[in-house]
Participant: 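Shown below is the structure under consideration.
What you are looking at is a predicted structure, and each value in this text was computed from that prediction instead of being measured.
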Amino acid sequence: MNPYRVYGKGRIDHRAPVSFTFDGKTYEGRRGDTVASALLANGVHLMGRSFKYHRPRGPVSAGSEEPNALIGTKRGTGRYEPNTRATVQEIYPGLKTNSQNTYPSLKFDLGAVNDAAYMLFSAGFYYKTFMWPKSFWDKVYEPFIREAAGLGRSPTERDPDHYASRYHHTDVLVVGTGPAGIAAALSAARTGLRVTLVDENAEAGGTLLSEPQAVIDGAPAWDWLEAQLAELKALGVRVMTRTTAIGYYHQNMVALCEKLTDHLDAPDPDMPRERMWRVRAGQVILAQGALEKPLVFDGNDRPGVMLAGAAQTYLHRYGVLVGKRAVVATSHDSAWYASFDLHDEGCEIAAIVDTRADLRADLVEAAAARGIEMHLNHSVSGTDGRLRVKSIRINRMRDGKAAFGRRIFCDCVLMSGGWTPSLHLFSHTMGKLAWNDDLTAFLPDVKTEACQIAGAGRGLWGIEAALNDGFAMGAAAAEALGKSGATPTLGVTHDRTGTGVTQIELPTDRSPSSARAFVDYQNDVTAKDLRLAVREGMRSIEHVKRYTTNGMATDQGKMSNINGLNIAADALGKPQPQVGLTTFRPPYTPTTFGAFAGYHKGGHFEVTRKTPIDGWAEKNGAVYEPVSLWRRAWYFPQNGEDMDQAVARECRATRESLGIFDASTLGKIEVVGPDAVEFMNRMYTNPWTKLAPGRARYGLLLGDDGFIRDDGVIGRMSQDRFHVTTTTGGAARVLNMMEDYLQTEWGDLQVWLTSTTEQWATIALNGPNARKLLEPLTEGLDLSDEAFPHMSVAECTIAGLPARLFRISFTGELGFEVNVPARHGRALWETLMDAGAQYDICPYGTETMHVLRAEKGYIIVGQDTDGTVTPYDAGIGWAVGKAKPDFVGKRGLARPDLVAPGRKQLVGLLTEDHSKLEEGAQIVRDPKEAVPMTMVGHVTSSYDSVAMGRPIALALLAGGHDLMGEIVHIPMPDRIIAAKVTGTVFYDPDNTRLKL
């Protein structure tokens with residue numbers, strides 16, 4: 001039996017008992033309970049300890065804004081999660097939970113010694129305390145801070161759960177399923193729009209679930225809600241509960257985190273625990289409601305002190321009385337209604353204490369009819385009780401000050417300082433807020449996204465006002481999307497509207513210096529901490545926040561920000577809008593790393609990109625290597641060959657007859673527009689104006705600093721269109737760089753950039769027989785050297801497929817690169833393999849490609865360059881247009897350091913003993929120099945060359961271009977290797993084989 005349970009009350013299943021544990025003790029709740037509601041039903045208020053002082057704490061709210069009742073949950077091996085809010089975690093059989101930040105136990109916590117010494121831990125104490133002596137930082141201060149930091153403990157076991165992610169497109173996204181959200185969804189859906197309705201709670205309804213007394217359009221609130229949810233389902237509205245809108249981003253993209261299994265007894269192991277949704281909506285309607293504000297008074301943090309609205313929620317949703325004898329402390333009408341509801345269900349209301357002198361007559365009459373003692377124009381100046389509140393001290397106020405009062409015994413205190421709109425998602429959009437003096441709150445003002453705000457989220461109180469505003473905002477969203485419909489107006493009886501006043505902090509009969517009135521419960525920030533921050537020079541609300549840590553807890557200031565602002569503004573002597581709010585940032589509530597990671601775990605941690613030809617390579621025994629995010633065929637071993645043997649065979653076959661290579665991973669960017677040639681002139685070092693359509697050119701891209709960023713062959717398809725290729729790993733970087741310049745520097749240019757990397761499958765054919773293979777398969781194009789010379793490009797048909805054909809070579813042999821739509825890539829590959837059998841066609845991988853290009857001295861950006869290499873260092877100064885007025889990196893190239901003698905320059909190396917060098921090996925000039933030797937360069941590429949009959953290497957060497965023919969030395973662990981400095985071109989220096 002649950003001693004505080006009101007049987008038959010609430011929306012839980014009273015016939016379904018559920019057992020769970022908290023700190024090793026078994027408790028019984030009911031299906032539909034949260035951990036907090038179930039513990040409260042058992043009379044347990046103590047659920048945690050605060051961060052700094054380790055003060056006893058219980059739940060202060062009933063929702064995701066909870067700052068106190070943070071627990072650890074264990075759902076099985078590897079399924080431990082810290083800092084879960086007990087107010088939102090649903091119970092199920094076998095759930096294990098524990099308190100946090102305690103030692104040795106929750107009831108007896110040695111850390112509470114900090115509470116006794118609280119005068120030592122005033123605001124900013126860490127900035128003052130840990131400065132001296134400096135030598136203490138590493139061995140004393142930092143270890144202590146690391147040990148004390150945090151609340152829950154991080155999991156130590158591998159998470160066995162998996163997480164999902166999806167994209168969703170909808171006409172209207174409604175956030176919040178309270179009366180405003182329900183009405184907005186109905187209004188939009190009735191016009192035929194696709195509507196998605198989301199709520200972070202387990203059940204849709206919002207405030208309607210806590211106010212069953214309301215009668216809407218003649219129907220009890222819960223009956224009306226059931227009927228509207230049925231209509232929404234019939235209209236095709238997607239209703240998503242247990243789904244939190246955690247962030248609102250540019251262009252109406254909203255991130256949702258949906259919890260799928262944390263409430264289930266035995267979830268399907270194949271079912272993801274959580275799913276991240278990335279939603280694009282034509283219109284967003286924010287109907288998030290408002291958050292109740294705590295009152296700020298001495299001892300307002302004891303277990304048993306909670307928000308009046310939370311007590312009302314625990315009663316009506318979970319059938320739980322939070323106490324047997326309550327005192328209600330308030331400055332707002334809403335708490336009076338909560339007291340009436342608790343009284344009517346058997347909770348003795350010892351007193352209602354209101355800071356206001358004049359109230360509505362109907363509230364006073366209703367309290368008097370119930371025999372409730374009322375204390376108007378009174379303040380609360382303190383509470384007593386160690387692990388749970390036992391009494392409260394109240395005081396009559398005279399001239400804004402508290403006089404000596406009386407003590408009232410109680411087992412819970414229900415407080416309300418009024419309500420503040422939930423502005424978090426709206427603020428994510430950088431929308432502007434406006435201060436409302438009447439409500440003493442910020443309200444949404446200037447919008448930056450296509451959104452509407454409905455109900456309490458924009459300062460409207462009461463079910464009727466929220467409902468009708470929701471209908472209006474739903475209609476406004478529909479109208480913005482070109483739809484129109486009726487906007488009904490519903491009447492609500494037994495509605496609970498009200499007003500209140502804002503109390504900065506309640507007057508006390510104690511010395512303000514000793515009163516401990518908490519503002520941020522989790523971080524133990526008091527009102528006097530905020531005032532101290534102002535006295536010590538903090539003028540910006542952002543500085544006050546960081547100096548005191550107010551609003552920096554896991555609730556992101558949901559319960560503390562507005563009270564903190566009011567106190568700081570009072571201390572500064574400025575109105576609130578001049579002080580402003582701190583920045584709200586995503587996520588709205590703490591979100592698991594798993595939800596953000598989604599499928600990116602284990603073998604799926606990074607996306608493995610595969611070309612259309614990858615399946616053929618795998619079937620034919622390819623060995624793979626990762627290149628950027630791509631899986632690329634490294635080499636194709638045959639008959640037990642090792643890598644060296646396979647690569648030697650592939651090199652020989654390509655140079656002697658015909659090799660075929662999958663080059664689909666090359667980055668490809670389509671540059672199109674009337675100013676495309678001007679854009680290319682500005683981006684690349686080479687001139688492009690005179691390049692005729694149908695011709696291609698090597699393109700070199702620099703950074704502002706003059707160093708090489710990327711390179712590739714670029715074909716001009718027409719006057720206003722270029723087919724740009726980049727390195728495999730540089731595709732995204734180059735596109736981002738181009739977009740950056742186009743959008744921020746050259747907004748006047750009419751140019752459009754499109755990534756086409758995965759649009760085209762690219763097959764390279766190299767070797768003396770390359771033309772012989774292609775000619776019979778090519779339609780509409782003469783492939784002779786005269787008609788289609790080296791560095792040409794054309795659109796044609798190959799093997800019946802539309803193609804872009806380049807005559808280029810990265811091997812030094814006669815070469816072609818065939819680009820066809822990706823879906824045809826494997827079919828073309830197989831056709832070429834079949835047709836090339838007569839020439840002993842040989843598929844080769846990336847290692848052979850590296851050997852062949854090194855023999856010709858062709859660089860690979862990122863291997864033969866290291867981010868500090870200029871075109872002149874790399875020996876490709878010919879690619880820099882001397883007469884060009886400007887291009888990216890032109891001024892960088894003229895910097896004194898980049899033209900100074902002694903720079904590292906790319907050279908070739910041939911070892912004297914024909915040994916193969918190790919890539920990365922350091923180079924010295926004098927092998928007899930004492931250790932440490934002066935390193936003058938390093939080996940960038942090194943291979944066994946079949947064509948040369950010996951190993952070859954490329955290296956970056958200080959002053960290398962002036963050292964041709966000289967001997968340098970490469971120290972190795974067992975010996976020192978001598979090597980001659982040569983040019984970078986080892987094979988066919990006259991390029992005769994390109995012109996076959």
Participant: State whether Arg733 and Asp710 are salt-bridged, where the test is any N-O pair (Lys NZ or Arg NE/NH1/NH2 against Asp/Glu carboxylate O) under 4.0 Å.
Facilitator: yes
Participant: Give a yes or no on whether the backbone of Ser664 and the side-chain of Lys668 come within a donor-acceptor separation of less than 3.5 Å.
Facilitator: yes
Participant: Which class fits the ring pair Phe661 and Tyr844: parallel under 30°, tilted 30 to 60°, perpendicular over 60°?
Facilitator: parallel
Participant: For the residue pair Ala921 and Met972, what are the closest heavy atoms and their distance?
Facilitator: CB-SD, 4.2 Å
Participant: What verdict does the salt bridge (Lys or Arg N to Asp or Glu O under 4.0 Å) test give for Lys610 and Glu618, after you've listed the backbone C-alpha separation in whole Å, the side-chain angles of each residue and the deciding distance to 0.1 Å?
Facilitator: CA-CA 11 Å; Lys610 299 179 183 179; Glu618 183 174 27; 5.5 Å; no
Participant: Indicate the atoms forming the closest heavy-atom contact of Glu274 with Cys257, along with that distance.
Facilitator: OE1-SG, 4.0 Å
Participant: Would you say the side-chain atoms of Ser942 pair up with the backbone N or O of Glu918, donor to acceptor, closer than 3.5 Å?
Facilitator: no
Participant: Show the nearest heavy-atom pair for residues Leu994 and Leu814, with the distance to one decimal.
Facilitator: O-CD1, 4.1 Å
Participant: Would you kindly check if the NZ (Lys) or CZ (Arg) of Arg631 is within the cone defined by 45 degrees around the ring axis of Tyr624 and under 6.0 Å from the six-membered ring centre?
Facilitator: yes
Participant: Tell me whether Thr725 contacts the main-chain N or O of Ile714 through its side chain, where contact means a donor paired with an acceptor under 3.5 Å.
Facilitator: no
Participant: How many angstroms lie between atom OH of Tyr635 and atom CD of Gln645, to the nearest 0.5 angstrom?
Facilitator: 10.5 Å
Participant: Minimum heavy-atom separation for Tyr858 to Ser809, with atom names?
Facilitator: CE1-O, 3.9 Å
Participant: Does Asp270 offer a backbone N or O that forms a donor-acceptor pair with the side chain of His162 under 3.5 Å?
Facilitator: yes
Participant: Quick check: Tyr698 with Trp878 (ring centres under 6.0 Å apart)?
Facilitator: yes
Participant: Between Ile669 and Thr756, which heavy-atom pair has the shortest distance, and what is it?
Facilitator: N-OG1, 3.9 Å
Participant: Decide whether Glu650 and Thr848 meet the rule of one side-chain donor and one side-chain acceptor closer than 3.5 Å.
Facilitator: yes
Participant: When you check the gap from the basic side-chain N to the acidic O, do Arg275 and Glu258 get nearer than 4.0 Å?
Facilitator: yes
Participant: Between Ser941 and Glu919, is any side-chain donor less than 3.5 angstrom from a side-chain acceptor?
Facilitator: no
Participant: Any salt bridge linking Asp873 with Lys904? Criterion: basic side-chain nitrogen under 4.0 Å from a carboxylate oxygen.
Facilitator: no
Participant: Please determine, by modelled atom types, if Tyr987 and Arg993 share a side-chain donor-acceptor pair under 3.5 angstrom.
Facilitator: yes
Participant: Would Arg804 and Glu795 count as a salt bridge (Lys or Arg N to Asp or Glu O under 4.0 Å) if you check the C-alpha gap in whole Å, the side-chain angles of each, and the deciding distance to 0.1 Å?
Facilitator: CA-CA 4 Å; Arg804 282 185 180 175; Glu795 292 184 322; 3.2 Å; yes
Participant: So do Thr77 and Glu157 actually touch side chain to side chain, heavy atoms under 4.5 Å?
Facilitator: yes
Participant: Give the C-alpha distance, both sets of side-chain angles, the deciding distance and a yes or no for side chain to side chain contact (heavy atoms under 4.5 Å, CB included) between Leu701 and Met683.
Facilitator: CA-CA 7 Å; Leu701 184 69; Met683 286 301 304; 3.7 Å; yes
Participant: With side-chain contact (heavy atoms from CB on, under 4.5 Å) as the test, pick out the partner of Leu917 among Leu910, Ile952, Val939.
Facilitator: Val939
Participant: Taking it one step at a time, do Tyr684 and Val724 satisfy side chain to side chain contact (heavy atoms under 4.5 Å, CB included)?
Facilitator: CA-CA 11 Å; Tyr684 283 84; Val724 177; 3.4 Å; yes
Participant: Sub-3.5 Å donor-acceptor pair from the side chain of Lys772 to the main-chain atoms of Tyr839, do we have one?
Facilitator: no
Participant: Give me the atom names and distance for the closest heavy-atom approach of Glu813 to Asn766.
Facilitator: O-OD1, 4.2 Å
Participant: Let's go through Phe707 and Thr870 carefully: what are the C-alpha distance in whole Å and the side-chain angles of both, what is the deciding distance for side chain to side chain contact (heavy atoms under 4.5 Å, CB included) to 0.1 Å, and is it a yes or a no?
Facilitator: CA-CA 5 Å; Phe707 297 134; Thr870 71; 3.9 Å; yes
Participant: Answer yes or no: is there a donor N or O on one side and an acceptor on the other, between the side chain of Arg697 and the main chain of Pro687, under 3.5 Å?
Facilitator: yes
Participant: Under a 4.0 Å threshold between the charged nitrogen and the carboxylate oxygen, would Arg716 count as salt-bridged to Asp720?
Facilitator: no
Participant: Side-chain contact test, heavy atoms from C-beta onward, threshold under 4.5 Å: evaluate it for Val713 versus Met791 and give yes or no.
Facilitator: yes
Participant: Between Glu912 and Lys980, does any side-chain N to carboxylate O distance fall below 4.0 Å?
Facilitator: no
Participant: Could Asp785 and Arg807 be called an ion pair, given the rule that one side-chain N must be under 4.0 Å from one carboxylate O?
Facilitator: yes
Participant: With sequence neighbours left out, which residue pairs that include part of residues 967-979 fulfil the side chain to side chain donor-acceptor pair (under 3.5 Å) condition?
Facilitator: Asp913-Arg975
Participant: Of Asn686, Asn681, Leu702, which meets side-chain contact (heavy atoms from CB on, under 4.5 Å) against Phe887?
Facilitator: Leu702
Participant: So, Phe816 versus Phe806, ring centres under 6.0 angstrom or not?
Facilitator: no
Participant: Without swapping roles, check the side chain of Asn620 against the backbone of Trp616 for a donor-acceptor pair under 3.5 Å.
Facilitator: yes
Participant: Between the main-chain N or O of Phe810 and the side-chain N or O of Lys856, is there a donor-acceptor pair closer than 3.5 Å?
Facilitator: no
Participant: Would you mind reporting whether Leu957 and Leu963 have side-chain heavy atoms less than 4.5 Å apart?
Facilitator: yes
Participant: Under a 4.5 Å cut-off applied to non-hydrogen side-chain atoms, are Thr911 and Ile970 in contact?
Facilitator: no
Participant: Is it true that, when you exclude Asn639 itself, more than 12 heavy atoms of the residues, nucleotides or ligands shown sit nearer than 6.0 Å to its CG?
Facilitator: no
Participant: Please determine which of Glu855, Lys916, Arg853 meets the side-chain hydrogen bond (donor to acceptor under 3.5 Å, both in side chains) test together with Tyr943.
Facilitator: Arg853
Participant: So, Ser945 versus Arg950: side-chain donor-acceptor pair below 3.5 Å or not?
Facilitator: no
